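See structure below.
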Amino acid sequence: MEPTEIQVPQPEETRQTEKHAKPLLTVEQQLVHLKAKGVTFDLCNEEEAATYLSDKCQFFRVIAYRKLFDKHVGGERDGQYINLDFAQLRYLAGLDRQFRDVMLAMSLDIEHFAKARLLHELTLHADEDGYSVVADYREELKSSGRMYMENELRARKGDDYCGDIIQKYAGGMPLWALLEVVSFGTLIGMMKFCADCTACSSPMEDPALERSPHSANSTKPQTRTWVPCLPPTPSGPPLPSWSV
């Protein structure tokens, strides 16, 4: 029997000297790299660019916007960007941040009022106790969706904010507790589940509404009798002022 080859751990010094396709660059090296790619510093000088990369926005994010610009094909400047100044990259990064700030404020407002509306609809139906709708939702999920939800709750058991809630309702979680501990994506899934339920207060009044189409994450048609609706998008805060 041939002896098994033993893998010797690689020395730390050797690992540190390995060459990578995308090495870590200092700010000065980042500027050199940009110039090699054809980026100019006419509208924003190199000193301003260095300060921006050091204090305000990291290099990898800034250079992502270069993909919006064309390159020279052929000639001495083959592969370099056409009429691209660092100030343009800085400006686009600022616009992107403003957009993210606005979308975050909108998303938080929508999430807040959607939860409030969903729970309000719950209180209007005597046959709902807040627990059965969560149990039915989990039952209707495909195995992958159910596993995702269970893993999500399991991962947050030790969370300082929602860990106690998850542990308290481990045997069965009501809707008002679930909405405080799941992600925005799971909230949307719950909203879709309820929206796919029949809106008729008495399903027998209209046989066509007794069963609704299958949900994208569902394995069986739903038979509930209430449908919460997303509220109108509330007016958000004014656009943040960002100097770019």
Side-chain angles (χ1 to χ4, degrees), residues 10 12-116 148 152 155-156 159-162 180 182-189 191-192 230-244:
Q10 197 173 21
E12 184 69 24
E13 295 79 6
T14 304
R15 292 198 299 269
Q16 291 179 353
T17 57
E18 285 182 344
K19 300 298 182 181
H20 296 281
K22 302 291 184 180
L24 176 67
L25 301 178
T26 64
V27 172
E28 292 74 17
Q29 291 172 330
Q30 292 169 11
L31 297 179
V32 172
H33 176 78
L34 288 171
K35 287 189 286 187
K37 294 294 184 180
V39 178
T40 60
F41 294 87
D42 297 329
L43 303 177
C44 171
N45 62 47
E46 293 185 33
E47 183 178 351
E48 292 174 331
T51 300
Y52 182 78
L53 291 171
S54 299
D55 303 334
K56 294 187 176 182
C57 193
Q58 58 112 340
F59 179 70
F60 190 71
R61 177 181 291 276
V62 175
I63 64 171
Y65 306 102
R66 75 192 189 282
K67 295 292 187 179
L68 300 173
F69 296 85
D70 295 327
K71 292 182 178 181
H72 290 279
V73 178
E76 296 181 356
R77 299 192 60 188
D78 182 44
Q80 293 187 342
Y81 289 97
I82 303 172
N83 297 328
L84 174 56
D85 194 273
F86 184 83
Q88 295 167 291
L89 298 176
R90 183 179 64 176
Y91 180 76
L92 290 172
L95 286 180
D96 182 57
R97 178 56 187 269
Q98 291 184 52
F99 177 75
R100 291 169 184 265
D101 287 344
V102 172
M103 291 302 297
L104 175 60
M106 290 175 58
S107 299
L108 291 175
D109 281 348
I110 292 172
E111 179 181 19
H112 173 79
F113 289 106
K115 290 178 179 179
Y148 175 86
E152 182 180 18
R156 297 185 177 184
D159 186 87
D160 293 336
Y161 172 70
C162 60
E180 293 300 316
V182 295
S183 64
F184 189 71
T186 300
L187 168 63
I188 296 300
M191 296 294 294
K192 288 182 177 180
L230 284 171
T233 302
S235 58
L239 289 174
S241 57
W242 256 70
S243 58
V244 295

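What you are looking at is a predicted structure, and each value in this text was computed from that prediction instead of being measured. The figures that follow rest on heavy atoms only: side chains count, while hydrogens, waters and symmetry mates do not.
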Q) side-chain hydrogen bond (donor to acceptor under 3.5 Å, both in side chains) with Arg156: which residues, sequence neighbours excluded? A) none

Q: Would you please name every residue forming a side chain to side chain contact (heavy atoms under 4.5 Å, CB included) with His72, sequence neighbours left out?
A: Arg77, Gln80, Ile82

Q) Are any non-hydrogen side-chain atoms of Arg66 and Val39 less than 4.5 angstrom apart? A) no

(Q) Distance check, rounded to the nearest 0.5 Å: Leu89 atom CG versus Tyr81 atom OH? (A) 9.0 Å

Q) Is there a donor-acceptor pair under 3.5 Å between the side chain of Gln30 and the backbone N or O of Leu53? A) no

**Q.** side-chain hydrogen bond (donor to acceptor under 3.5 Å, both in side chains) partners for Asp85, two or more places apart
**A.** Thr40

Q) Who passes side-chain hydrogen bond (donor to acceptor under 3.5 Å, both in side chains) against Gln58, sequence neighbours left out? A) none

Q: Only counting residues at least two apart or in another chain, list the ones meeting salt bridge (charged side-chain N to carboxylate O under 4.0 Å, His left out) with Glu48.
A: none

Q. Just how far is it from atom NZ of Lys56 to atom OG1 of Thr51, taken to the nearest 0.5 Å?
A. 8.5 Å

Q. Got a sec: does the CG of Asp55 have more than 12 other heavy atoms crowding it under 6.0 Å?
A. yes

Q. With sequence neighbours excluded, what pairs up with Ala50 under the side chain to side chain contact (heavy atoms under 4.5 Å, CB included) test?
A. Val27, Leu31

Q: Taking salt bridge (charged side-chain N to carboxylate O under 4.0 Å, His left out) as the test, write out the residues that go with Asp96, two or more places apart.
A: Arg61, Arg100

Q: Enumerate the residue pairs fulfilling salt bridge (charged side-chain N to carboxylate O under 4.0 Å, His left out) with a member in residues 20-37, sequence neighbours excluded, ordered by first and then second residue.
A: Lys35-Glu46

Q. Tyr148: what forms a side-chain hydrogen bond (donor to acceptor under 3.5 Å, both in side chains) with it, not counting sequence neighbours?
A. none

Q: Quick one: do Tyr65 and Leu95 satisfy side-chain contact (heavy atoms from CB on, under 4.5 Å)? Show the steps, please.
A: CA-CA 11 Å; Tyr65 306 102; Leu95 286 180; over 6 Å; no

Q) Does Ser183 reach the side chain of Thr186, with side-chain heavy atoms less than 4.5 Å apart? A) yes

Q) Got a second to check how far Leu24's CG is from Phe59's CZ, nearest 0.5 Å? A) 11.0 Å

Q.
Going by the rule side chain to side chain contact (heavy atoms under 4.5 Å, CB included), which residues pair with Phe184 if we only count those two or more places apart in sequence or in a different chain?
A. Glu111, Leu187, Ile188

Q: Name all residues meeting the ring pair (Phe, Tyr, Trp, His ring centres under 6.0 Å) criterion together with Phe41; count only those two or more places apart in sequence or in a different chain, and write none if there are none.
A: Phe86

(Q) Which heavy atom of Ala49 sits nearest to which heavy atom of Cys44, and what is that distance? (A) N-SG, 3.8 Å

